[in-house]
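None of the values given here were measured: they were computed from a predicted structure. Sequence lines set the chain letters: A, B, ... in the order given, protein chains first and strands last, and positions in each chain run from 1.
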Amino acid sequence: MPEVTYLEAIRQALFEEMERDPSVFCLGEDIGAYGGAFKVTEGLQARFGEGRVIDTPISEAAIVGAAAGAAHMGMRPVCEMQFIDFISCAYDMLTNYVATARYRAMLPCPMVVRGPSGGYVRGGPFHSQNPEAAFLHTPGLKIVYPATASDAKGLLKAAIRDDDCVLFFEHKYLYRRIKETLPATDHVVPIGKARLAREGRDLSIITYAATVWKALEAAEQLEREDGLSIEVLDLRSLLPMDDDAIVATVRKTNRVLIVHEDTRTGGIAGEITARINERAFEWLDAPVLRVTAADVPLPYAPPLEDFVLPQTADIVRAARQLARY
Amino acid sequence: MPEVTYLEAIRQALFEEMERDPSVFCLGEDIGAYGGAFKVTEGLQARFGEGRVIDTPISEAAIVGAAAGAAHMGMRPVCEMQFIDFISCAYDMLTNYVATARYRAMLPCPMVVRGPSGGYVRGGPFHSQNPEAAFLHTPGLKIVYPATASDAKGLLKAAIRDDDCVLFFEHKYLYRRIKETLPATDHVVPIGKARLAREGRDLSIITYAATVWKALEAAEQLEREDGLSIEVLDLRSLLPMDDDAIVATVRKTNRVLIVHEDTRTGGIAGEITARINERAFEWLDAPVLRVTAADVPLPYAPPLEDFVLPQTADIVRAARQLARY
Amino acid sequence: MGTRAGGSSNGGRRRNGGTTTAAQPAAGAAMRAPDRTDTARDAQSGLSRAQRLELYYYMRLTRSLEERLVNLYRQTKVVGGLFRSLGQEADAVGSAYALDRSKGDILSPLIRNLGSMLVQGARPAEILRQYMAKGDSPTRGRELNIHYGDLVRGFIGQISHLGDMVPVMAGVTLSFKMRGQDRVGLVYVGDGATSTGAFHEGLNFAAVQRCPLVVVVENNGYAYSTPVAKQTAAAQFLDKAAGYGIAGERADGNDVLATYQVTKRAVDRARAGGGVTLIELLTYRRKGHAEHDNQSYVPPGEIEHWERENDPLDRYSRALLASGDVDSQELAAIDARAQQEIDAAAADAEAAPMPVGPDALVGVYADPPAAEMLWFRSGVTSAVAVHERPAGWGTHDA
Amino acid sequence: MGTRAGGSSNGGRRRNGGTTTAAQPAAGAAMRAPDRTDTARDAQSGLSRAQRLELYYYMRLTRSLEERLVNLYRQTKVVGGLFRSLGQEADAVGSAYALDRSKGDILSPLIRNLGSMLVQGARPAEILRQYMAKGDSPTRGRELNIHYGDLVRGFIGQISHLGDMVPVMAGVTLSFKMRGQDRVGLVYVGDGATSTGAFHEGLNFAAVQRCPLVVVVENNGYAYSTPVAKQTAAAQFLDKAAGYGIAGERADGNDVLATYQVTKRAVDRARAGGGVTLIELLTYRRKGHAEHDNQSYVPPGEIEHWERENDPLDRYSRALLASGDVDSQELAAIDARAQQEIDAAAADAEAAPMPVGPDALVGVYADPPAAEMLWFRSGVTSAVAVHERPAGWGTHDA
Ligand SMILES: Cc1ncc(C[n+]2csc(CCOP(=O)(O)OP(=O)(O)O)c2C)c(N)n1
Ligand SMILES: Cc1ncc(C[n+]2csc(CCOP(=O)(O)OP(=O)(O)O)c2C)c(N)n1
Ligand SMILES: [Mg+2]
Ligand SMILES: [Mg+2]
């Protein structure tokens with residue numbers, strides 16, 4: 001089996017699910033002949049036709065709303081946001097209409113909203129966002145944010161098969177930078193289960209998406225330079241969150257560093273910290289600490305973006321302090 | 001001085017600020033002759049004219065966007081969302097345009113977005129929301145959510161005078177249920193400072209908005225029935241948050257219960273817990289615990305709403321457990 | 001203005017069909033009077049006598065049901081606000097009647113479209129239970145008033161956020177097109193809702209995709225307190241159609257037959273692959289936005305004028321009587337029958353139990369099936385201590 | 001179609017005014033040739049000879065500046081993507097030229113409206129610094145490309161989210177009206193951006209308020225890869241005007257004088273209290289959405305056709321020469337002058353320093369003036385260790 005990129009893994013999942021299930025279809029801006037801004041849907045329209053790979057007007061609320069309507073009728077739409085930053089235009093539709101459909105009206109709403117997310121790519125404040133925290137407090141939605149090609153494929157397949165709406169965030173920094181050989185069989189990764197990306201004894205880093213790789217890099221350096229054994233937990237699913245995996249790693253290492261790329265205040269680290277407090281307080285030998293972006297819109301210039309976003313060096317520095325605590 | 005309600009206090013703030021500063025104006029749906037769905041702006045148009053109290057079409061994104069444009073030009077607009085639930089329609093405009101204006105473009109954007117928020121009123125899933133968590137991770141916005149008539153007036157005045165955008169959430173359950181004699185002078189409450197609503201030694205309840213009253217009720221009961229001395233910290237400002245006040249109460253009582261009306265997962269309690277971990281971990285004698293709504297859209301029927309939202313009895317129960325820890 | 005004869009027949013329509021049961025007598029069953037000329041078609045509308053009486057029945061049922069709701073509201077048996085469609089019954093009933101339930105057409109009503117839901121098969125007992133937040137109401141007490149739906153009968157529950165149902169119905173009808181189904185969708189928006197971004201995005205999306213969708217703009221003069229002149233600078237909502245490249249028509253929404261005809265043409269167009277039609281129906285909201293609204297913003301005499309000159313039920317019963325093949329006893333019998341149904345439904349609904357607290361945790365997701373019980377609630381079924389119910393606790397103000 | 005003579009004079013216009021400085025020679029200064037008939041008005045446009053040459057200058061400056069940006073982009077000196085307006089220079093320049101800076105008119109450009117910003121006084125050095133993310137660029141390295149503004153010169157920085165500038169400009173111009181100021185606003189939207197909810201809400205709001213606002217829909221055939229037929233079913237964007245109850249006009253956007261005239265009429269209407277005008281300008285995007293876009297979706301020959309038959313600079317220089325009062329040497333001198341300005345600006349911009357990390361924390365709020373330094377960063381000014389820069393790190397793909 002050849003290695004495939006994170007991006008290619010996503011494309012494979014779309015292809016395979018569309019082949020498998022005629023109710024799956026894609027809609028979004030420029031996803032047809034052009035194949036999408038990042039070419040994720042390249043070749044899909046050629047294979048499945050204009051009827052199942054639909055170029056839409058620039059209207060994210062309509063894309064999401066129309067997907068919901070089609071989903072009620074038994075379809076399984078996959079919406080692309082050209083950049084995930086534009087999901088904010090569909091915020092009302094997602095949080096009020098889609099998320100509540102089953103609960104308030106017994107309407108099934110199986111759909112996926114996916115799109116390129118995250119920074120580290122000089123995209124500036126409107127092409128680099130991490131929207132997970134904005135949706136975390138909306139019951140009725142699910143949120144996944146894979147860090148590996150294998151998880152990208154497996155989670156997207158699970159998302160498409162899920163009977164509720166799944167927000168599928170793709171880290172654009174990873175699109176073409178990571179490669180992996182994928183399992184040959186129909187590869188589905190269950191939503192709601194974290195992945196132990198590295199085993200360790202001294203300290204746990206809990207993270208997801210692009211910063212998983214920074215955490216792993218930091219872990220290696222800390223092992224090499226400080227002899228520290230670092231565990232890295234890749235959450236993969238943010239809603240629902242894998243409490244068991246979180247508690248297990250806290251019990252094991254008793255020291256937790258949460259790393260995420262989103263801004264500090266109101267980022268998901270807060271929720272994780274609260275859960276650790278509630279479920280594993282007695283196992284903590286040190287405060288749960290956070291390495292995150294600074295509380296500013298993400299700037300464009302490389303020195304500014306580098307300064308605002310969490311870097312491997314930051315994780316190393318923070319982990320050293322926490323290990324010494 | 002006669003006692004005034006929370007609602008009347010808000011109206012007074014609007015009147016006084018519009019009298020004081022000709023650049024202050026109001027816009028929103030049905031706020032003119034009708035005086036708004038809850039009559040908060042009653043009498044304003046009669047006093048200040050149609051030019052300064054503007055009935056708009058039903059378009060929250062336009063209301064907020066137009067306010068931003070006017071604010072750039074030196075005006076100080078106050079937007080009403082008929083129910084705060086409709087702020088979701090302006091989510092893009094607020095988080096992307098307004099919040100970043102100063103940072104990305106050196107554009108001043110002094111404006112207020114206010115509206116009736118919160119539950120306990122049989123409003124169902126779309127007339128009861130608490131949107132604070134959706135905006136907490138957006139640097140550039142400020143968020144206040146007063147619990148008393150005096151704070152409602154003083155914080156709204158501060159919000160109108162603030163040089164950035166302030167989201168001013170009004171709890172509709174409190175509108176006509178609480179009364180207070182207000183200070184006679186120009187009463188401004190600084191944004192970013194919490195209020196010690198009750199002093200205590202054994203346990204701290206950190207909360208804001210309507211649940212402040214439930215916490216106070218619980219505190220009385222706990223004092224009476226269990227002899228517990230409960231401190232109640234009313235945050236008032238959620239962004240920026242008063243870290244010093246939070247740390248001070250943790251150091252004093254060493255036990256913290258956070259109470260909020262919003263859903264549990266992704267609610268603001270997570271952020272508060274993280275800050276306590278970072279700043280006062282050594283002072284904790286017990287895990288930080290949360291009393292919140294359940295993770296469901298807020299249902300309409302009284303038994304369901306009562307079950308989902310945090311009640312005084314819940315706070316009592318939780319505080320007892322935490323005190324015993 | 002919808003006065004020309006609709007060229008299309010209503011042959012495919014089977015109203016009193018298999019969806020009614022013995023326990024729930026068929027709506028309109030009273031109108032079957034085989035000894036009369038039931039099948040004679042009205043020249044303009046193409047509707048049979050039975051169908052024209054059925055329209056009357058649904059309009060009467062709408063009005064009487066709302067009147068009953070007012071009584072219940074005054075008795076504080078309605079939990080939330082009460083939203084009337086007084087004076088707009090023709091527009092909701094006539095437009096919905098143009099759909100074909102036997103084909104699986106789907107409708108998305110708004111708060112003033114109770115009549116349209118009744119046409120699609122909603123039952124008074126459901127409506128009453130909804131308003132009273134009963135545990136066996138269609139939404140099990142989770143949602144307000146007429147915010148509920150049933151895909152089998154062909155209507156979808158709205159949410160409060162105005163405009164949002166337009167994109168949703170674009171998607172519903174897109175699925176009809178994708179699957180080659182012979183189905184049509186109809187979505188209502190108020191004059192106020194046309195100002196929303198969702199209305200625009202959804203309508204444009206449907207127009208480009210040529211979805212089989214009818215968009216009915218109910219111009220009832222006001223959005224809450226805001227008159228149309230403050231909602232749009234356009235001379236008429238019909239003028240929006242060209243901007244989306246779709247067909248447009250305007251009709252007298254207080255004339256049930258005209259409303260039916262204009263909608264029927266649009267439904268036929270949609271079914272024939274002709275895409276979206278925007279219909280502006282002119283009507284008037286005689287009651288406030290909700291029961292608490294005192295309508296202080298309405299110019300004096302305006303409401304009385306509409307009540308006197310343009311009540312849709314008065315107009316229609318006069319027209320039926322003038323047509324010569326209906327007599328006033330028949331209409332009185334329909335009125336009585338509607339009343340009986342409502343009486344039975346009200347007794348039923350009042351006796352129905354409220355939901356119990358833990359029901360609230362069920363059904364947010366297919367998987368997991370229920371939300372976690374809150375840690376401080378384990379083993380507790382009633383959340384509220386008796387003393388927590390403050391005076392004034394009750395319906396919200398707007 | 002903008003061919004009738006504009007009745008209005010351009011008397012109030014003072015282009016080369018007090019905002020230019022010795023260090024920054026006045027744009028257009030080269031065109032002052034007092035020995036020629038500078039004040040002779042063109043019959044159709046009402047523009048003097050000097051003004052007509054100024055239009056040429058701005059169009060040339062736009063094109064040459066973008067060409068320089070292409071060079072810099074290929075040298076990887078541009079940090080993000082590069083967005084061209086090749087073939088659309090006339091539409092941006094001609095429309096912006098209808099505003100009156102001396103009156104404080106304000107314009108909101110989009111990504112293809114570099115020309116309009118130059119007209120309002122933006123300087124090549126600023127543009128180059130922006131694209132290179134320099135620390136002394138107008139946004140200090142915080143925002144991309146031409147996303148910046150200056151209220152003094154009268155243009156407002158866009159954000160990426162399409163449509164959002166329409167409500168914002170509704171508010172800007174609402175403030176003009178509230179304060180009784182004699183000012184006008186102009187906002188651009190692409191054919192694609194007309195599909196957004198924000199466009200609709202903002203336009204409707206401005207229409208109802210009769211704001212002094214001109215909305216220019218630049219119909220350049222595509223939104224990224226999406227042709228207009230997939231964006232709207234309307235025959236023309238002009239058809240949207242009636243739906244908002246506003247004035248509408250359509251013009252040839254590749255004819256700079258026609259563009260100027262149609263916009264001037266709208267500006268005059270706005271200034272006279274006549275409210276909003278929607279203008280559709282027909283043009284063509286000859287380059288891809290951004291430099292990386294290979295335009296595979298464009299039918300063969302289409303670009304070449306527009307290049308050959310309808311290049312706005314070619315057309316305009318031919319027209320100027322044909323008018324008889326301009327000769328080719330004059331145009332060549334303007335070309336050279338534009339080139340010199342760009343050369344100087346580029347040298348300047350390349351030499352300018354990048355911002356430093358901690359600058360990022362300043363200025364989110366007026367108070368507090370800076371965000372908190374991250375705890376793990378205290379005392380650290382460079383966040384990134386050298387080995388962290390992976391291969392391929394660089395500009396994003398779209
Ligand atoms: C997006 C949004 N904003 C505000 C409201 C509050 N609201 C509820 S009904 C209403 C007026 C609706 O008027 P219209 O659309 O004309 O419908 P009508 O009530 O006249 O049938 C308003 C402003 C809402 N439901 N949704
Ligand atoms: C709300 C929103 N959705 C998607 C995008 C991504 N996007 C950027 S430019 C563009 C195409 C714009 O087309 P048009 O409005 O015609 O402007 P043009 O580039 O042709 O000038 C798209 C889809 C965006 N910027 N904003
Ligand atoms: Mg209305
Ligand atoms: Mg375009």
Sub-4.5 Å heavy-atom contacts with chain B: which residues of residues 181-196 of chain D show up?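 The list, in residue order, reads D:Arg183.
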Please round to the nearest 0.5 Å and tell me the distance separating atom [atom1] of [X] and atom [atom2] of [Y].
| X | Y | atom1 | atom2 | answer |
| --- | --- | --- | --- | --- |
| D:Arg179 | B:Ser23 | CZ | OG | 7.0 Å |
| D:Met178 | B:Met75 | CE | CE | 4.0 Å |
| B:Ile191 | D:Tyr365 | CD1 | OH | 10.5 Å |
| B:Asp92 | D:Asp164 | CG | CG | 4.0 Å |
| D:Phe176 | B:Met73 | CZ | CE | 4.0 Å |
| D:Asp150 | B:Met106 | CG | CE | 11.5 Å |

Test: side chain to side chain donor-acceptor pair (under 3.5 Å). Region: residues 56-74 of chain B. Which pairs qualify, not counting sequence neighbours?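 Non-adjacent pairs meeting side chain to side chain donor-acceptor pair (under 3.5 Å): B:His72-B:Tyr97.
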Non-hydrogen atoms of [X] and [Y] that approach each other most closely:
| X | Y | answer |
| --- | --- | --- |
| D:Ala366 | B:Asp163 | CB-CB, 3.7 Å |
| D:Gly202 | B:Ala62 | N-CB, 4.1 Å |
| B:Lys142 | D:Asp367 | NZ-O, 2.8 Å |

Test of understanding: with side chain to side chain donor-acceptor pair (under 3.5 Å), list the residues that count as partners of B:Gln82, not counting sequence neighbours.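 Here the qualifying residues are B:Asp30.
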Pairs of heavy atoms under 4.5 Å with chain D: top-ranked of B:Pro77, B:Ala70, B:Cys165: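 Option with the top pair count is B:Ala70.
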Run the ring pair (Phe, Tyr, Trp, His ring centres under 6.0 Å) test against B:Phe281 and tell me which residues pass, sequence neighbours left out.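 Listed in chain order: nothing, the list is empty.
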B:Tyr103 six-ring face occupied by D:Arg142 cation (under 6.0 Å, within 45°):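 Pair D:Arg142/B:Tyr103 counts as cation-pi.
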